[in-house]
Amino acid sequence: MGESDRRRGEGTYPLGRRARRRRLASGRATGHVATPARDPSGLVPGDFVSLPSRPMPTITTTRRGVTQRWTTTLIPTTREAPNDAEVPSHVLLHRAGFIRQVGAGIYDYLPLAWRVLGKLSAIVREEMDAAGASEMLMPALEPFELFKDTKRDETYGDNLFRVKDRKGRLNALAPTHEEVITELMRGCVNSFRQLPLNLYQIQTKFRDEARPRAGLLRCREFIMKDAYSFHLAVEGAGGLNEAYDAMYCAYTNIFTRCGLDFSAVEAESGPIGGSASHEFMVNCASGEDTVLKCPASGYAANVEKCEIGLRPAPSKGYFAGEPTGALEEVHTPACPGIDDVCKFLKVKPQHMLKSVLFKVQSTPEQLAKYGEEYILAVVRGDHDVNEGKVKELSGCTSIAMAEPMEAVAKGFAIGFVSPRAAVGKKGVLLLVDRDAAVAFDDAAGKSKFWVTGGDKPDYHVKHFNWQRDLGKDPLAAGAQGEHKGGLRGGDDHMMVGDVRNALEGDPSPRAAGSKLIAARGIEVGHIFKLGTKYSDAMGLTILDQAQQKRPVIMGCYGIGVSRTMAACVEMSHDADGIIWPAALAPFHVLVTLMKPDDARQRDVAARLASDLNTAGVDVLLDDRDERPGVKFKDADLVGLPIRLTLGDKALDAGGVEFKQRKAPAGDKGHVVPLGDVVASVVAKLNG
RNA sequence: CGGGGUGUAGCGCAGCUUGGUUAGCGCGUUUGACUGGGGGUCAAAAGGUCGGCGGUUCGAAUCCGCCCACCCCGACCA
């Protein structure tokens, strides 16, 4: 007879908890380890059994609820969080007994957390299945060679976990599964008739993050749903776009059903490649990502991607204007950053020209044809260069910040570079942001005062004037035009364009007259149109109707499952604890027994729990012999949507106390007649 | 990887500067009593290789060296 049977047999027993403990401590509870009598239903009498009940209304998130008791599960709540926990989700998930840290970026998911993850996963599965995807499971451990074909062993770099096996062979702990699934498809799918396909899994992923942080928000081991779709075409029925749109809808459904406040925003597809990409962000001031939204058109994008609406050119044209004074060189020692220089020179960052050097990552063929190429991007001191926009404007798909050593050798005084540094050098494109390509300030009605680098260590120059000081006339250099595809396009190596990050207040790119507003978010989902990046690299081809070999077109779609749980807490908590939305709450209702030893309270709790279960409501019974204050504090911490308190006062009045977690502080709840409890609970959960 | 910080009981911390009884405190835990609607009171108890290794010393939580772990800022980041 197992321990669990014995415990169950004693679940509601005649003895109080203390007396039980005493007897257990003396070595034997009842003198024998009995098999509890069972009724045909298999339920143990005296436990919280299902009683016959009338038909109940049902809530939408679950078919049938469960009841668990606090005393027979693990919910280690604490008054204080470990001092490494800083962000609210980490603190509260720890204090409420959901997670424990095992190592840097590695966590235990305790029973409550696992229930949340289960509910989230169930929603993900339902929506993925409904969208035509099929669940499968791939291994987390992969031969390292798999990553070589796609070069992700290099591009992923140190973020790829490496594991040596006993034979000394290198394996990887998978950060995602593009390679594995592409390999799988290569072996299984060879006819266009088998497409389209969309396969997904929910699985533990590994990334050797340089700096794990913020609890579950950035882990080295985490749970992710990843889906991969395969198509013969981009457009049309069965094409990539169709699957992408279906995933967009599925994600919208998933996060809506979860009860999360989220935004879908346009995103940079990054090193993963591909044409289009959206991120799903939980809206939350503490989020790591900045998004910009246009209130008029609904356009929303990550800063990394966000376009800026047309900014009118200066009235006199770009670069045109008189100097503000004689060019003056100033010694600026110990000023590594823009802010330092500004402070030292008492100049506002808006009057600085910031120059950032990129090196074009050429293929050997390109290198032979064009030689080494650089791009010098110039923005105003208070703006940030946007790498994606630099790529687009320059027409170079692969660039990277130049290595300082190499840049210095090339004649760029890193940290003190001015636009002049690009002049007179072969293979250097000068890319000037619209806000930096100004010589006459229309708003101020006078010439623009610029400070920029002195092109030698610890020096800057004041009164920089584009026409006078650049070393060539920008007006004559044909830089006025608004064209793209610069470096090799024969444009005399100088261009004006949009190369900076969007900011709040910038004109919307989608609605004239509307201004962008900024917000923060936590990325919980990301969908990509991959195209043929992986199928090309790994030789995944298929015969089409015309018997032509065609590379398979792919999409991939991720959801950070464990991160979503944490993001939900970030989004929804107060000073007392977590406030779970009904759909993700580990249980819907907490039934607090004021006196767990009291027969009437136990009886009512059992019946109530059973009825609630029948209605699909999950119940956690706080049957601990604790003081009321402790139970109430823990109830708020754990944050289940509804708390039903069973105490003598309410019971004498024929009811139980009903309180919603999201109710304003100080709200003591109200008494609901026993017969109405289930309906009230279901109504509130569905509402 | 650069900068900063922390490691002493399950959690939060003191002690270290200036080496010297048996390493303390609060919370939590266990036992008992009193209690019983927002972390209660009293009494008793258990719980520590002071992150690790090495060194200095008659003697190290304390001083020195090396290493490890964890956190924060930055770099990085489908």
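Numbers restart at 1 for each chain; the letters A, B, ... are given by sequence-line order, proteins then strands. The figures that follow rest on heavy atoms only: side chains count, while hydrogens, waters and symmetry mates do not.
The pairing partner recorded for rA23(B) is none, the criterion being a Watson-Crick or G-U wobble arrangement whose two distances lie under 3.5 angstrom. Nucleotide rC63(B) forms a pair with rG55(B), judged by Watson-Crick or G-U wobble geometry with both contacts under 3.5 Å. If you check rG7(B) for Watson-Crick or wobble pairing at under 3.5 angstrom, you find it paired to rC68(B). Pairing of rA14(B), defined by two Watson-Crick or G-U wobble distances under 3.5 Å, is not identified with any nucleotide. Nucleotide rG74(B) is matched to rC1(B) when pairs are restricted to Watson-Crick or G-U wobble geometry with both distances under 3.5 angstrom. The partner of rU29(B), taking Watson-Crick or G-U wobble pairs whose two distances both stay under 3.5 Å, is rA45(B). Base-pair partner of rG39(B): not found among the strands shown (Watson-Crick or G-U wobble, both distances under 3.5 Å).
For the pair K529(A) and Y244(A), the cation sits on the ring face: its NZ or CZ lies under 6.0 Å from the ring centre, inside 45° of the axis.
Within the 4.0 angstrom heavy-atom criterion, no nucleotide atom of any strand lies near D158(A). The residue A214(A) sits close only to the backbone: its heavy atoms come under 4.0 Å of sugar-phosphate atoms, none of a base. A210(A) comes within 4.0 angstrom of a nucleotide base, judged by non-hydrogen atoms across all strands. Contact annotation for Q101(A): backbone-only contact, meaning every heavy-atom pair under 4.0 Å involves sugar-phosphate atoms and none involves a base. Looking at heavy-atom distances under 4.0 Å, A85(A) makes no contact with the nucleic acid at all. Counting non-hydrogen atoms under 4.0 angstrom, E86(A) reaches the backbone sugars and phosphates but no base.
The same atom, P, is picked in rU49(B) and in rA9(B); the two are 8 Å apart, to the nearest Å. The gap from the C1' atom of rG51(B) to that of rA60(B) amounts to 16 Å, rounded to the nearest Å. The P atoms of rC72(B) and rC67(B) are separated by 23 Å, rounded to the nearest whole Å. For the C1' atom pair drawn from rG48(B) and rG74(B), the interatomic distance equals 37 Å after rounding to whole Å. rG5(B) and rC63(B) are spaced 15 Å apart, taking the P atom of each and rounding to whole Å. Straight-line distance between the C1' atoms of rG28(B) and rG10(B): roughly 7 Å, to the nearest whole Å. Taking atom P on both nucleotides, rA45(B) is separated from rU6(B) by 36 Å, rounded to a whole Å. Atom P of rA69(B) sits at a distance of 15 Å from the matching atom of rG52(B), rounded to the whole Å.
The only option from L197(A), D536(A), L540(A), T182(A) that meets the side-chain contact (heavy atoms from CB on, under 4.5 Å) definition with V552(A) turns out to be L540(A).
Between K225(A) and M128(A), the closest side-chain pair of non-hydrogen atoms falls below 4.5 Å.
Of the charged side-chain nitrogens involved, at least one lies within less than 4.0 Å of a carboxylate oxygen, so that K205(A) and D226(A) count as a salt-bridged pair.
For Y156(A), there are no ring-ring contact (aromatic ring centres under 6.0 Å, His included) partners, not counting sequence neighbours. Residues passing the ring-ring contact (aromatic ring centres under 6.0 Å, His included) test with F658(A), sequence neighbours excluded: H670(A). Here Y107(A) pairs with H90(A) under the ring-ring contact (aromatic ring centres under 6.0 Å, His included) rule; sequence neighbours left out. With sequence neighbours excluded, the residues that form a ring-ring contact (aromatic ring centres under 6.0 Å, His included) with Y251(A) are F280(A).
Distances from the side chain of P628(A) to the nucleotides rG37(B), rU29(B), rG38(B) place rG37(B) closest. With rU29(B), rG37(B), rC72(B) as the candidates, the nucleotide lying closest to the side chain of E626(A) is rU29(B). Proximity note for E80(A) (side chain, C-beta onward) versus rG36(B), rC77(B), rG12(B): the nearest is rG12(B).
In this structure, L593(A) places its CG atom 15 Å from P of rG37(B), rounding to the nearest Å. Rounded to whole Å, the distance from CD on E387(A) to C1' on rA75(B) is 14 Å. Between the CG atom of L92(A) and the C1' atom of rC11(B) there is a distance of 16 Å, rounded to whole Å. Computed from coordinates, the D208(A) CG to rC1(B) C1' distance equals 13 Å when rounded to whole Å. At whole-Å resolution of the value, CG in D84(A) and P in rC11(B) are 10 Å apart. As rounded to whole Å, 16 Å separates atom P of rC70(B) from atom NE2 of H94(A). With rounding to whole Å, D576(A) atom CG is found 14 Å from rG38(B) atom P. Rounding to whole angstrom units, CG of residue L590(A) and C1' of rG37(B) are separated by 15 Å.
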ask   = Passes salt bridge (Lys or Arg N to Asp or Glu O under 4.0 Å), R661(A) versus D574(A)? Steps please.
value = CA-CA 10 Å; R661(A) 176 61 180 87; D574(A) 63 16; 2.8 Å; yes
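Sorted by first and then second residue, the pairs that involve residues 73-84 of chain A and meet side chain to side chain donor-acceptor pair (under 3.5 Å), not counting sequence neighbours, are T77(A)-D634(A).
Contact check, N83(A) against rC11(B): no side-chain N or O comes under 4.0 Å of OP1 or OP2. The side chain of R211(A) places no N or O atom within less than 4.0 Å of a non-bridging phosphate oxygen (OP1 or OP2) of rC77(B).
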Between the protein and nucleotides 39-49 of chain B, which nitrogen or oxygen pairs are less than 3.5 angstrom apart?
unit_1, atom_1, unit_2, atom_2, d
rG39(B), O2', R79(A), NH1, 2.9
rG39(B), O2', R79(A), NH2, 2.6
rG39(B), O6, R95(A), NH2, 3.4
rG39(B), N1, D634(A), OD1, 3.2
rG40(B), N9, R627(A), NE, 3.3
rG40(B), N7, R627(A), NE, 3.1
rG40(B), N7, R627(A), NH1, 3.0

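If you find the closest nucleotide of RNA chain B to A104(A) and to K595(A), the one lying nearer the 5' end belongs to K595(A). For D636(A) and K205(A), each mapped to the nucleotide of RNA chain B holding its nearest heavy atom, the one lying further toward the 5' end belongs to D636(A).
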